[in-house]
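Here is the structure we will look at.
Note: hydrogens, waters and symmetry copies are ignored here, and every other heavy atom, side chains too, is used.
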Amino acid sequence: MPRLTPPRPYHHGDLRAALLKSAERTLREKGVGALSLRELARDVGVSHAAPGRHFKDKQALLDALALDGYDRLDAALSGADRPGLSFEERMTALARAYLGFAVDHPELLELMFARKHDPASSAQLAGAVDRSLGSLTRTMAGAQERGEIVAGDPERITMVAAASLHGLAALIASCALDADEAMAGLEEHVHLLLHGLRPR
């Protein structure tokens with residue numbers, strides 16, 4: 001009878017990416033409380049110590065998820081931005097990209113905006129926020145220079161616009177607003193945001 005050779009240890013080609021993918025699935029299906037490095041290791045088929053090579057603890061994993069989320073949001077906003085459009089059309093395209101990301105990844109977006117992060121990750125996260133949401137501030141500042149919107153602190157104006165869009169996302173996440181309905185009315189939403197409610 002031939003001798004059976006013991007199975008070789010499982011080797012994962014890109015363990016970090018696999019762990020993040022599994023973590024996001026757990027976040028989406030069970031919530032942040034269900035995340036654990038040991039469970040993720042079991043899920044991707046590696047030893048319970050293997051995730052420690054990439055994440056020192058659960059908080060480091062959450063920070064990495066948030067960073068990955070900001071990178072993806074930045075890609076969505078960059079892909080939607082069309083500087084050749086009118087300011088209102090451009091803002092509508094950016095709003096659609098932001099809301100689309102929020103609808104597809106509500107739990108991830110909530111994690112991205114969480115205030116609890118490891119101090120070691122703070123600088124990275126601040127840079128990621130500036131790359132993604134900072135693009136909206138720069139769009140606002142450009143519109144101010146061209147006289148398309150009111151003067152003032154562009155960061156403050158961006159905060160008002162972002163709060164309005166994030167509010168829509170929160171209403172969708174809480175099932176108070178249908179996602180398709182919000183998307184269908186987004187052009188009008190941006191128009192009201194930019195022009196106000198005063199009769200003209």
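Under 4.0 Å is where a charged nitrogen must lie from a carboxylate oxygen, and between R72 and E24 at least one such pair does.
The hydrophobic clustering, which links ILVMFWY residues whose side-chain heavy atoms are closer than 4.5 Å, places L186 and F87 together. Hydrophobic clustering places L136 together with V150 (ILVMFWY residues linked when any side-chain heavy atoms are closer than 4.5 Å, directly or through intermediates). Criterion: ILVMFWY side-chain heavy atoms under 4.5 Å apart, direct or through other members. Under it, L77 and L193 are not part of a common hydrophobic cluster. Two different hydrophobic clusters hold L192 and L177 under the rule that ILVMFWY side chains link at heavy-atom gaps under 4.5 Å. One hydrophobic cluster holds both F113 and F101 under the rule that ILVMFWY side chains link at heavy-atom gaps under 4.5 Å.
Side-chain contact between L73 and L133 is present, with at least one heavy-atom pair separated by less than 4.5 Å. Annotation: side chain of F55 is not in contact with side chain of D63 (no heavy-atom distance under 4.5 Å). Residues L99 and L165 have side chains not in contact (no heavy-atom distance under 4.5 Å, counting atoms from C-beta outward). Between L27 and L62 the shortest side-chain heavy-atom distance does not fall below 4.5 Å. K56 has its side chain out of reach of L61: every pair of non-hydrogen atoms, C-beta onward, lies at least 4.5 Å apart. Side-chain contact between D71 and R131: present, with at least one pair of heavy atoms (C-beta onward) separated by less than 4.5 Å. Put simply, the side chain of E88 reaches to within 4.5 Å of the side chain of H191, judged on heavy atoms. Side-chain contact between R16 and D14 is present, with heavy atoms from C-beta onward closer than 4.5 Å.
In this structure, A151 and I157 approach most closely via the heavy-atom pair O-CD1, 4.3 Å. Shown here for D43 and R25, the closest heavy-atom pair between the two residues is OD2-NH2, 2.8 Å. Here the closest non-hydrogen pair linking V190 and A95 is CG2-CB, 3.8 Å. Here the closest non-hydrogen pair linking A128 and L67 is CB-CD2, 3.8 Å. Of all the heavy atoms in L20 and L65, the pair that sits closest is O-CD2, 3.7 Å. Of all non-hydrogen atoms in D104 and P106, the two that sit nearest each other are C-CD, 3.5 Å.
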Take T158 and T139 through the side-chain contact (heavy atoms from CB on, under 4.5 Å) test and state the conclusion after the steps. CA-CA 9 Å; T158 301; T139 301; over 6 Å; no
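Annotation: the span from I149 atom CD1 to M91 atom CE amounts to 8.0 Å, rounded to 0.5 Å. Taking NE2 of H195 as the start and CD of E188 as the end, the distance is 12.0 Å to the nearest 0.5 Å. In this structure, R90 CZ and L85 CG are separated by 8.0 Å, a value rounded to the nearest 0.5 Å. Distance check: E107 CD to T26 OG1 gives 11.5 Å after rounding to the nearest 0.5 Å. Separating the OH atom in Y98 from the NE2 atom in H166 is a distance of 5.0 Å, to the nearest 0.5 Å.
More than 12 heavy atoms of other residues, nucleotides or ligands lie within 6.0 Å of CZ in R146, so this atom counts as buried by the packing criterion. The 12-atom threshold is not exceeded at CZ of R38, counting heavy atoms of other residues, nucleotides or ligands nearer than 6.0 Å.
Of the possible polar contacts, none joining the Y70 side chain to the L125 backbone as a donor-acceptor pair under 3.5 Å is found. A side-chain donor-acceptor contact under 3.5 Å links E89 to the backbone of S86. Although no hydrogens or angles enter the test, the distance criterion places no donor-acceptor pair under 3.5 Å between the side chain of S22 and the main chain of A18. With hydrogens and angles disregarded, a donor-acceptor distance shorter than 3.5 Å links the side chain of R96 to the backbone of M183. Distance alone, capped at 3.5 Å, is enough to place a donor-acceptor pair between the K58 side chain and the L35 backbone.
Evaluation of the side chain to side chain donor-acceptor pair (under 3.5 Å) rule for H54 yields no partner, not counting sequence neighbours.
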